[in-house]
Each structure stands twice: as structure tokens, then as C-alpha cells.
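Throughout, numbering of the chain's residues begins at 1 and tracks the sequence.
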Amino acid sequence: MPSSSVKKIQDLSGHDYIEIIGAREHNLKNISVSFPRNKLVVLTGISGSGKSSLAFDTIYAEGQRRYMESFSAYARSFIGNLERPDVDKINGLSPVISIEQKTTSRNPRSTVGTVTEIYDFMRLLYARAGEAFSYLTGDKMVRQSEEQILDAIINNFSGKKLVVLAPVIKGRKGHYRELFVQIRKQGYTKVRVDGELQDITPKMQLDRFKIHDIEVVIDRIVPDAKDRFRIGQSVNTALKEGKGVIMLLPENGKVQHFSKFLMDPKTGLSYDEPAPNNFSFNSPYGACPTCNGLGEIEEITEESVIPDKKLSISRGGILPLGEYRDIWIFKKIEAILKRYKLTLTTPIKDIPKEALKVLLYGDDVPVAVASVKYPGTEWNTKFEGIVNFLQKQKDEGSDAIRKWVDDFTITKVCPECRGARLKKESLHFKIADKNIAELANLNISDLKKWFDGLESRLSDKQNQIAVEVLKEIRKRIGFLLDVGLDYLHLNRPLRTLSGGEAQRIRLATQIGTQLVGVLYILDEPSIGLHARDNVKLIKALKDLRDLGNSVIVVEHDKEMMLESDYIIDVGPGAGRHGGNIVAEGDPETFLKIDSTTAKYLSGKIGIKYSKERRKGSGEKLELMGATGNNLKNVDLQINLGTLTCITGVSGSGKSTLIHETLFPILNQHFFNSRKEALAYKKIEGLKLIDKVIEVDQSPIGRTPRSNPATYTGVFTDIRDLFAQMPEAKIRGYKTGRFSFNVKGGRCETCEGAGLRLIEMEFLPDVHVPCETCKGKRYNRETLEVRFKGKSISDVLDMTVEEAVNFFENQPRILRKIQTLSEVGLGYISLGQHATTLSGGEAQRVKLATELSKRDTGKTLYILDEPTTGLHFQDISHLLDVLQKLVDKGNTVLVIEHNMDVIKSSDYIVDLGPEGGSGGGRIIAKGTPEEVSKNPASFTGKFLKPELK
């Protein structure tokens with residue numbers, strides 16, 4: 001868009017600046033700030049300084065409230081009023097769209113294709129321009145008009161005797177007595193039943209339990225051009241009776257099929273007219289009937305029920321039953337085994353296959369079991385089999401029972417559609433030799449190549465139909481490539497994406513809407529993005545700005561800050577030490593200001609690292625032949641006792657190698673986890689470590705009841721301490737009295753949550769403070785017990801920093817709280833609701849929990865992008881913690897894009913060179929210095945200037 005038109009948009013709004021006056025939300029200290037409209041503005045500052053409070057809880061909340069105010073009073077009565085954020089005034093505010101990380105769908109039916117609408121346009125393309133092929137013969141299906149059918153009959157069968165048939169029943173059971181009566185009433189005297197011509201007789205009927213084909217004999221003809229009118233009438237009648245399908249039976253010949261719809265002329269197989277929902281895996285018209293369009297099925301298998309065949313049944317060989325008890329089911333199994341001259345103490349490996357099949361899947365032979373209540377009598381009942389019993393419980397049981405059955409369930413690729421999610425008919429519609437599922441499995445860059453020049457591979461008719469649809473598809477593919485998501489494929493479920501990836505998809509969708517005059521607020525869109533792809537993201541944000549929109553980005557990325565139009569630094573500290581505007585201005589002005597962020601940006605201070613790289617203990621954990629997803633037979637070596645970084649561009653295979661191959665192997669080995677690892681040949685060195693701990697960014701809890709105090713376990717010790725207070729002992733209060741999850745001490749109005757859930761009709765549900773306890777969670781009596789003048793609710797409201805001083809003489813409590821402080825979480829409160837913690841904060845709470853446990857020095861820690869949401873100063877704290885772990889002899893494995901962490905590691909394994917099918921190989925490995933000299937490594941290229 002030319003700059004003149006952007007200028008017009010600014011003039012129309014009447015404001016050149018967005019002005020915030022007196023913001024006091026959360027920890028903001030009555031701040032006032034203004035920044036230019038229609039610019040790219042970066043909000044930065046250390047974690048917990050109040051950036052999100054300013055961007056989301058003030059600017060976005062006010063924008064949303066004003067939008068709601070525009071609704072009629074009637075509409076608002078359904079929605080309720082949104083609370084006004086604690087701010088005096090905001091001037092120059094445009095309509096606001098927030099693109100956060102937390103709003104991703106957990107539904108397995110939500111995929112990259114459905115969210116970006118590319119798949120919807122492809123469905124339309126296949127429905128209107130796809131060519132149908134028979135799934136029986138592979139031949140192209142044909143559809144003919146009445147005239148074409150008539151011409152074919154006269155030209156191909158001239159002078160031959162023909163029987164014209166109209167199919168009325170195809171491959172169905174029944175006696176069809178009424179049907180024959182109806183056909184006879186219409187004046188027809190003959191039918192062809194199961195390939196045999198018969199006269200219709202009174203009370204005629206067929207075997208009701210057999211499958212039948214029935215055709216009505218419409219006419220007998222000898223085609224000749226001069227009889228065209230009479231033959232045409234017969235064809236017309238046959239098409240009417242056969243609902244668009246006609247069959248011709250030549251004398252001593254093979255039946256020929258003709259149809260007004262799509263039909264295979266050889267077999268007579270016909271398809272319905274294609275519509276877009278025939279290609280949707282979320283519609284019963286298109287979804288595979290076996291897996292209901294999910295592409296995978298859950299199955300209870302022999303292996304999941306009997307993991308160790310060396311054990312006998314009495315020793316717990318059948319996992320769901322456990323060890324022998326004097327109960328009904330064991331008596332039944334004993335009676336079945338008796339038939340085969342076996343006992344409950346026979347190892348399962350020695351039980352014949354036939355007997356094992358009966359135990360797992362049951363049979364119709366009644367099993368006699370002696371009655372305890374009536375001695376001398378026997379109960380004869382059929383045994384349904386353990387697998388069938390578990391399946392029944394999974395379908396009909398309570399939530400707890402279903403959860404228990406899930407332990408014995410294995411997820412497999414659907415055998416019917418082989419993961420394609422669609423019916424076989426839908427998969428046999430092709431464009432340029434590819435069906436829609438094959439396209440959905442191509443990564444975005446390969447998909448773009450396939451659509452480039454597609455017109456030359458289409459017929460003229462297809463080109464006429466496809467022209468507008470192709471324009472839309474290409475446009476949307478272009479937006480995904482612009483934000484660096486070329487390695488994803490359309491079939492990728494949304495729930496498997498990182499926060500940053502999901503956010504960039506939504507950003508691509510927003511660029512596609514081409515809205516103007518909007519204020520966009522983004523929360524760290526650079527998460528999970530390699531330094532190489534950052535340029536694309538920054539360009540996409542600038543494009544959004546150049547359309548005439550204001551863009552606010554909450555970000556810690558150095559490149560993003562330097563490329564922005566305006567920077568606002570919130571700080572100086574976290575929590576109550578933050579909430580002020582420390583520095584602001586365009587990048588040039590900002591770098592001259594004396595703030596911590598400006599010093600890091602200008603290079604006056606940096607994250608220190610030791611140039612002495614650890615060699616480790618000399619022992620190695622080796623994973624060989626990993627081939628899952630896009631991995632190309634990768635051999636991974638991890639030097640134990642080191643800080644090892646797994647790097648590579650987005651989509652190069654880092655998560656596949658670590659989260660989906662290495663971690664499941666270790667988890668299965670140490671904790672008998674059921675999650676299957678992706679394909680690999682072998683692993684060596686398992687005996688050299690004693691446990692594995694994965695610290696990921698998933699929330700520590702999905703409800704406000706979960707908080708850092710409960711997650712780390714320190715709350716149990718705090719409750720024990722309160723129960724020891726003299727006041728508590730006089731009143732007879734035990735530890736349970738101080739729990740907000742059980743009746744007794746909690747506030748019963750909100751049941752100890754401190755918040756009440758208000759269900760909104762058209763918007764996400766809202767939590768509001770409880771009006772009885774005012775958010776304190778407990779009843780008055782419980783709050784009267786105090787330690788050093790503070791009640792249990794006061795303790796939950798303390799920040800970690802305050803709690804460290806408050807509990808300095810309580811070593812058990814102090815140890816756990818101290819570690820929260822060490823990982824840079826001094827600003828969060830002990831009782832902060834888990835739902836309000838960012839992914840990075842949740843990850844650090846988990847890390848602190850692990851740090852507070854006694855370690856053995858032989859633990860392998862796996863972290864996925866721990867720097868998410870961290871300012872330069874916080875990264876420095878985090879690295880200190882990780883280095884301490886390694887100094888104790890542990891091994892830390894980090895998947896990371898942040899150059900400060902990469903340069904501080906002892907060893908790097910770099911995957912690539914590209915994402916998707918262009919990746920999956922180890923490009924470089926060694927110390928940071930060695931990798932920086934490798935010309936094939938993109939990571940090395942960006943690492944080189946950092947090491948200087």
C-alpha cells in the first residue's frame with residue numbers, strides 16, 4: 001500500500017498516537033505512556049515487570065470492553081459486562097485483535113489446513129475439478145447423458161439382442177415380497193435376480209438372510225438407428241426406475257453398465273456426485289468410517305495387556321487383573337485353563353495360542369465355576385474375554401474406569417484409511433495424479449511447488465473452474481511461507497504445535513484478512529523460530545504495519561527490537577519492583593539510554609560464558625538409527641556430564657529426535673511409560689543414568705486450584721507448620737483444615753478456588769473473585785490461625801522473594817522456595833493461579849521443583865526452549881542454574897534457538913540443513929567454536945559473531 005494511503009488512514013482516526021494515562025493494572029505503578037500509531041512497537045522488560053499487564057490486561061482489555069459496549073443492551077444482557085481495566089484513560093485506541101500463545105485448540109480435528117482455510121479451498125477444488133477413479137479397477141469413472149447412452153447402444157450393439165435392465169436392489173439382504181408386488185403392478189413381468197432371469201410369480205419372495213441383486217427387465221431390443229425413438233423411450237424408463245443407472249445384458253455376453261452419474265463401466269461401481277463435504281474428515285460424508293476421520297484408532301492389544309510373558313497369571317502376568325486374588329474372574333480363568341490341562345502358575349509363554357485367544361477374546365463355550373454360596377452347585381456362564389471386557393468398560397464405564405483402561409490402550413494408524421482420514425471413495429478423486437490426502441501430507445514449501453504451474457497439468461474445463469480457488473490457495477500458502485512455517489504440513493494437528501508456531505499461523509491468517517486500521521497485540525511470536533527465519537517474521541509484521549495497522553509486540557528478541565519503530569522498556573525489576581516505564585524511544589534513541597535492556601542491546605553488558613568447555617564424564621548415551629518422521633537414520637551421541645544443545649532451523653527434526661524418540665525410550669525404561677518411541681535401531685548407555693526428567697512448557701495445572709506452592713510440594717510443609725501452631729492445636733485443627741481443596745477450612749461459596757466461574761454465552765468463560773471470602777479461599781475461623789502474624793491466605797499472597805525472608809528459619813520450606821527464587825521467579829506469588837502463568841514461567845516452576853529434590857548426579861534433564869519469555873538478565877540466571885546441575889555430574893539436554901544458551905553450552909548437535917523433508921540429518925556437532933566454523937550449519941553462521 002502506498003505511503004499516501006497510509007497517511008490518509010492516520011488522518012481519519014484523528015490521532016497520531018495511542019496514549020495511556022494512569023494504568024494501575026496488577027503491578028503497574030500508575031504509569032502514563034504514549035507511542036505512535038501505525039508503527040511496529042516492541043514492549044520489553046524482564047519477566048514479571050508488567051509488559052503483559054500493560055499490553056493485554058490494559059490495552060487489549062479496554063479495546064475488548066469498548067467493542068462490547070457497542071452491542072445493544074439486549075445482546076449485552078446475555079454476555080454480561082466486562083470489567084473496566086484499572087486505567088484512567090486511553091486515547092487513540094483502534095479495534096484490538098490479540099494473537100496470544102494460549103488460545104490453541106486441543107481438538108485432534110483442528111489441523112493447520114482447517115485453521116488456515118487452505119484445506120477448505122482444496123476441498124472445493126477437488127469437488128468441482130477432481131477426476132474420479134474406481135477403487136476396484138483403478139479406471140477413470142465416466143458419467144454420460146441420456147443421448148450419449150443412446151448413441152453408445154446403437155453404435156456398439158447394432159443388430160444384437162439386448163435385455164434392458166434397471167437395477168433396483170444392489171447387495172442387500174431381504175425377502176422383497178412387497179417389491180415384487182410393486183414391480184408387477186407397474187406392468188413389468190420379468191426380473192433378473194442374482195444374475196438369473198425369472199418371471200414374476202404371485203407371492204414371489206427370496207431368502208431373507210442372503211445378499212441379493214435385483215434388476216427389473218424393462219425391454220428386449222435389437223438396436224437399429226431407425227428404432228432410435230423406441231429405444232430412447234426404453235432407456236429413459238430404465239434410467240428412471242434405476243435412479244440414473246442402466247444395465248444392458250447382451251445374449252451370451254457380459255453385462256454393460258451406463259450411468260448419468262460417476263460410474264466404472266467395467267464393474268458398475270458408482271459414486272455420489274462430489275460435494276466439498278465429501279472431502280472433509282469432520283463430516284460423516286467424507287470421514288473414514290473406521291476411525292471417524294481421526295486417522296488413528298485406539299486398540300487394546302495382547303502386548304499392552306500382557307507385557308511380560310515370562311510371568312504366570314497368578315504372579316500378575318495379565319496386567320489389568322494384577323496378582324491372584326480369591327475372586328470370580330480368576331476362578332473362571334482357572335476353569336478355562338483346566339480344559340487345556342494348565343494352571344494359574346503356568347508361565348504365559350507356555351500357554352498355547354488357542355487357550356490365550358479364549359482368555360483374551362472369550363468364546364461361546366459355557367465355563368463351570370463352583371458356587372461359594374451354594375456348595376455342590378456350579379454356575380455355567382460364558383466368558384467374554386479380558387480384551388472385550390476392557391473395551392466394554394472403555395465404551396460404557398465411568399471417567400475413572402475409562403482412565404484406567406487407557407493404560408492398556410495403544411494408538412495405531414487406522415488400518416482402513418492408513419492415516420488419510422477419508423473414505424476410500426474420496427481418496428480416489430485425483431487432480432494431476434494426486435488425491436487430497438497426499439497434498440495434505442506435503443509440507444508447505446512442497447505444496448507451493450505442486451500448485452506452481454498446476455494449470456499446465458489441467459484440462460481447459462478444469463482450468464476454468466479452478467482459477468479463483470487456486471488464487472485463494474496460493475495467497476494463503478504465501479502467508480504461511482512469509483512467517484517461516486514452510487516445514488509444517490496441512491494434516492498437522494494444531495495441538496502438536498508450539499505456542500510460537502500456533503501464533504504465527506494465526507498471524508498468517510490475519511495478514512490474509514487484509515484488515516486496515518486495527519491494533520494487533522502479539523505475545524512473543526519469535527518462540528521456536530531459528531535466527532535464520534526471524535527475518536521472515538519481522539517482514540510479516542512490517543507488512544501488517546504497512547497495510548495501515550498498529551502492531552504491539554511483547555518480545556525479548558534482539559533483532560525484533562532493533563528492527564522496530566519504537567521500544568518501550570518496562571521495569572526495572574519484576575513483580576512489585578517493576579511496573580514503571582524505564583526507557584522508551586525509537587531504537588537509535590533507546591540504545592543511548594542507561595537501562596539494563598539498552599545495555600544488553602548495545603553490547604555494553606552481555607551474558608558471560610566460560611570458554612573452557614566441559615569434556616564430561618567420558619561416558620556416552622548413544623541412540624542409533626533414528627528414522628521417525630523426517631529423520632534420516634540419525635545417530636545421536638550425548639556426552640554425559642555436559643550441557644548439550646540440540647539446535648537447527650524450525651522443522652529440522654529436533655523435537656522428533658528428542659521428544660518423540662529419545663525421551664519415550666528413556667521414560668519406558670525407567671518408569672514403564674506406555675508411550676511408544678518412533679522408529680530407531682538401538683540405544684546404548686542406559687545403565688549410566690538413573691532417571692530422566694523432562695521439563696516442558698505445558699501448564700502446571702488447567703484450573704485456578706493449581707499454583708506454584710501446590711506444584712512444588714512446599715504447600716504441604718506450610719500446612720504442617722500451621723497445624724503445629726498453638727491456636728490450631730487448641731481448636732483441634734489438623735493439616736487438612738488448611739487445604740483449600742477439601743471441606744472444613746475452605747470457603748464453601750467458591751469451594752476454595754478464591755474465584756467463581758461465570759459462564760459466558762458467546763465468549764470464553766470468565767473467573768471473578770468470590771464475593772464471600774474476597775479471593776482469600778478460606779473461612780474466617782481458619783484465617784484466625786497465624787504464624788508470625790500472617791494467616792495461610794497471607795502466605796499464599798506472598799511473592800517468592802518475601803517468602804524466602806519470611807521462612808528463613810524453616811529449612812524444609814526454605815529449600816523449596818529458594819529454588820523458585822534461583823530460577824528467576826522471585827516475583828510470582830506462591831498462590832498465583834496456574835492459569836495465569838506463561839509457558840516459560842510454568843517451565844521454570846517445574847525446573848525449580850526438580851532442583852529442590854535430592855539429586856544423584858546421574859540424572860538426564862531434557863528442556864525444550866527454556867528461554868521462552870525470558871529477558872537477557874533472566875537467561876543469565878537460568879544458565880547459572882543449569883550449569884550448577886551439570887557441575888553436580890548431571891547431564892542437561894536443551895533444545896534451543898537462543899544464541900546466549902547455545903554459546904554457553906559444552907557441546908552442540910545441529911540438525912538440518914532445512915526444515916521438513918529437507919532436514920532430519922546431523923549437519924554439525926562439537927563445541928560451539930567447532931560448530932561456528934562449519935559452513936554447512938546455519939546455526940554456526942549466527943553463532944560466529946556471538947562468540948567474538
> With no hydrogens and no angle check, do the side chains of T597 and D569 hold a donor and an acceptor under 3.5 Å apart?
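Present: a donor and an acceptor within the cut-off.
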> With sequence neighbours excluded, tell me which residues meet salt bridge (Lys or Arg N to Asp or Glu O under 4.0 Å) with E748.
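With neighbours one apart ignored, the set is R746.
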> Identify the heavy atoms of I828 and P708 that sit nearest to each other, and give their distance.
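In this case the closest contact between I828 and P708 is CD1-CG, 3.7 Å.
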> Does a side chain donor of either E555 or T44 reach within less than 3.5 Å of an acceptor in the other side chain?
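Result is no, nothing qualifies.
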> Determine, for F806 and K788, whether the Lys NZ or Arg CZ falls below 6.0 Å from the six-membered ring centre while staying within 45 degrees of the axis.
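Here K788 passes the 6.0 Å and 45° test against F806.
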> May I ask you to say whether D874 pairs ionically with R844, meaning some side-chain N is under 4.0 Å from a carboxylate O?
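Salt bridge flag = no for R844 with D874.
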> Report the C-alpha distance between R495 and N107 in whole Å, list the side-chain angles of each, state the deciding distance to 0.1 Å, and finish with yes or no for side chain to side chain donor-acceptor pair (under 3.5 Å).
CA-CA 7 Å; R495 60 182 181 174; N107 189 336; over 6 Å; no
> Considering non-hydrogen atoms only, spot the tightest contact between T596 and Q873 and give its length.
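Minimum heavy-atom separation between T596 and Q873: CG2-OE1, 3.2 Å.
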> Would you mind checking if K846 and E694 are paired as a salt bridge, meaning a charged N to carboxylate O distance below 4.0 Å?
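Salt bridge between E694 and K846, a charged N being under 4.0 Å from a carboxylate O: no.
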> Could you go through Q503 and R506, starting from their C-alpha distance and side-chain angles, then the distance that decides it, and tell me whether this counts as side-chain contact (heavy atoms from CB on, under 4.5 Å)?
CA-CA 5 Å; Q503 202 178 5; R506 293 182 61 215; 5.8 Å; no
> Would you say the ring centroid of F715 lies under 6.0 angstrom from that of F740?
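So the answer is yes for these two rings.
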> Check the pair M561 / L601 against side-chain contact (heavy atoms from CB on, under 4.5 Å), numbers first and verdict last.
CA-CA 9 Å; M561 287 189 227; L601 278 182; 3.7 Å; yes
> Are D797 and K776 within salt-bridge range, i.e. N to O under 4.0 Å?
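Salt bridge flag = no for K776 with D797.
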> Is the side chain of E865 donor-acceptor paired with the backbone N or O of G528 at a distance under 3.5 Å, no angle test?
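Side chain of E865 to backbone of G528, a donor-acceptor pair under 3.5 Å: yes, one is there.
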> Return each pair, listed once, that meets salt bridge (charged side-chain N to carboxylate O under 4.0 Å, His left out) where at least one residue sits in residues 718-727; pairs must be two or more places apart or across chains.
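Every salt bridge (charged side-chain N to carboxylate O under 4.0 Å, His left out) pair that includes a residue of residues 718-727, provided the two are not neighbours, is E727-R731.
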> Any chance you could lay out the side chain to side chain donor-acceptor pair (under 3.5 Å) test for H833 and N707, step after step, and finish with the verdict?
CA-CA 5 Å; H833 304 304; N707 58 48; over 6 Å; no
> Of the non-hydrogen atoms in N27 and S53, which two are nearest, and what is the gap between them?
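Looking at all heavy atoms of both residues, the closest pair is OD1-OG, 3.9 Å.
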> Ignoring hydrogens, what is the shortest heavy-atom contact between I46 and G573? Give both atom names and the distance.
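Minimum heavy-atom contact is CD1-C, 3.5 Å.
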> How many angstroms lie between atom CG of L783 and atom CD1 of I792, to the nearest 0.5 angstrom?
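The CD1 atom of I792 is 9.5 Å from CG of L783, to the nearest 0.5 Å.
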> Mind listing the closest non-hydrogen atom pair of I593 and A598 along with its distance?
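Minimum heavy-atom separation between I593 and A598: O-CB, 3.3 Å.
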> With no hydrogens and no angle check, do the side chains of R777 and S793 hold a donor and an acceptor under 3.5 Å apart?
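No, no side-chain donor-acceptor contact under 3.5 Å.
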> So, does H877 use its side chain to make a donor-acceptor pair with the main chain of G824 at under 3.5 Å?
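Such a contact is absent between H877 side chain and G824 backbone.
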> Does the side-chain contact (heavy atoms from CB on, under 4.5 Å) test come out yes or no for V800 and Y827, once each step is laid out?
CA-CA 6 Å; V800 168; Y827 61 91; over 6 Å; no
> Looking only at side chains, do T642 and T644 share a donor and an acceptor under 3.5 Å apart?
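Yes, side-chain donor-acceptor contact under 3.5 Å.
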> Are F722 and F738, when compared by the centres of their aromatic rings, separated by less than 6.0 Å?
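Yes, the ring of F722 comes within the 6.0 Å limit of the ring of F738, centre to centre.
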> Could you give the distance from CE (M560) to CG (L529), rounded to the nearest 0.5 Å?
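Between atom CE of M560 and atom CG of L529 there are 8.5 Å.
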> Using a strict cut-off of less than 4.0 Å between a Lys/Arg side-chain nitrogen and an Asp/Glu carboxylate oxygen, indicate whether E850 and K853 qualify as a salt bridge.
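So E850 pairs with K853 through a salt bridge.
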> For F807 and I718, run side-chain contact (heavy atoms from CB on, under 4.5 Å): C-alpha distance rounded to whole Å, both residues' side-chain angles, the deciding distance at 0.1 Å, then the answer.
CA-CA 9 Å; F807 291 111; I718 292 171; 4.2 Å; yes
> Could you check whether D86 pairs with R24 (Lys NZ or Arg NE/NH1/NH2 to Asp/Glu carboxylate O, under 4.0 Å)?
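Looking at R24 together with D86, the answer is yes, because their closest N to O distance falls below 4.0 Å.
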> List the steps, then state whether side chain to side chain donor-acceptor pair (under 3.5 Å) holds for T819 with S852.
CA-CA 6 Å; T819 51; S852 66; 4.6 Å; no
> Measure the CG-OH distance between N890 and Y861 for me, rounded to the nearest 0.5 Å.
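If we round to the nearest 0.5 Å, N890:CG and Y861:OH are 5.0 Å apart.
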> Report the distance from atom CD1 of I607 to atom CG of D900, rounding to the nearest 0.5 Å.
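That separation rounds to 3.5 Å.
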> Report the residues that fulfil side chain to side chain contact (heavy atoms under 4.5 Å, CB included) with E801, sequence neighbours left out, ordered by chain and then residue number.
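Scan of E801 (side chain to side chain contact (heavy atoms under 4.5 Å, CB included), adjacent residues dropped) gives H577, T799.
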> Does R65 form a salt bridge (Lys or Arg N to Asp or Glu O under 4.0 Å) with E62? I'd like the steps, not just the answer.
CA-CA 5 Å; R65 190 189 67 80; E62 177 63 8; 2.9 Å; yes
> Could you go through the side chain to side chain donor-acceptor pair (under 3.5 Å) check for R614 and Q883 one step at a time?
CA-CA 11 Å; R614 296 184 191 86; Q883 299 289 12; 2.8 Å; yes
> For R66 versus L93, what's the shortest heavy-atom pair and its separation?
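Heavy-atom minimum between the residues: NH1-CB, 3.7 Å.
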> Rounded to the nearest 0.5 Å, what separation is found between the OG1 atom of T716 and the CG atom of L721?
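Atom-to-atom, T716:OG1 and L721:CG are 12.5 Å apart.
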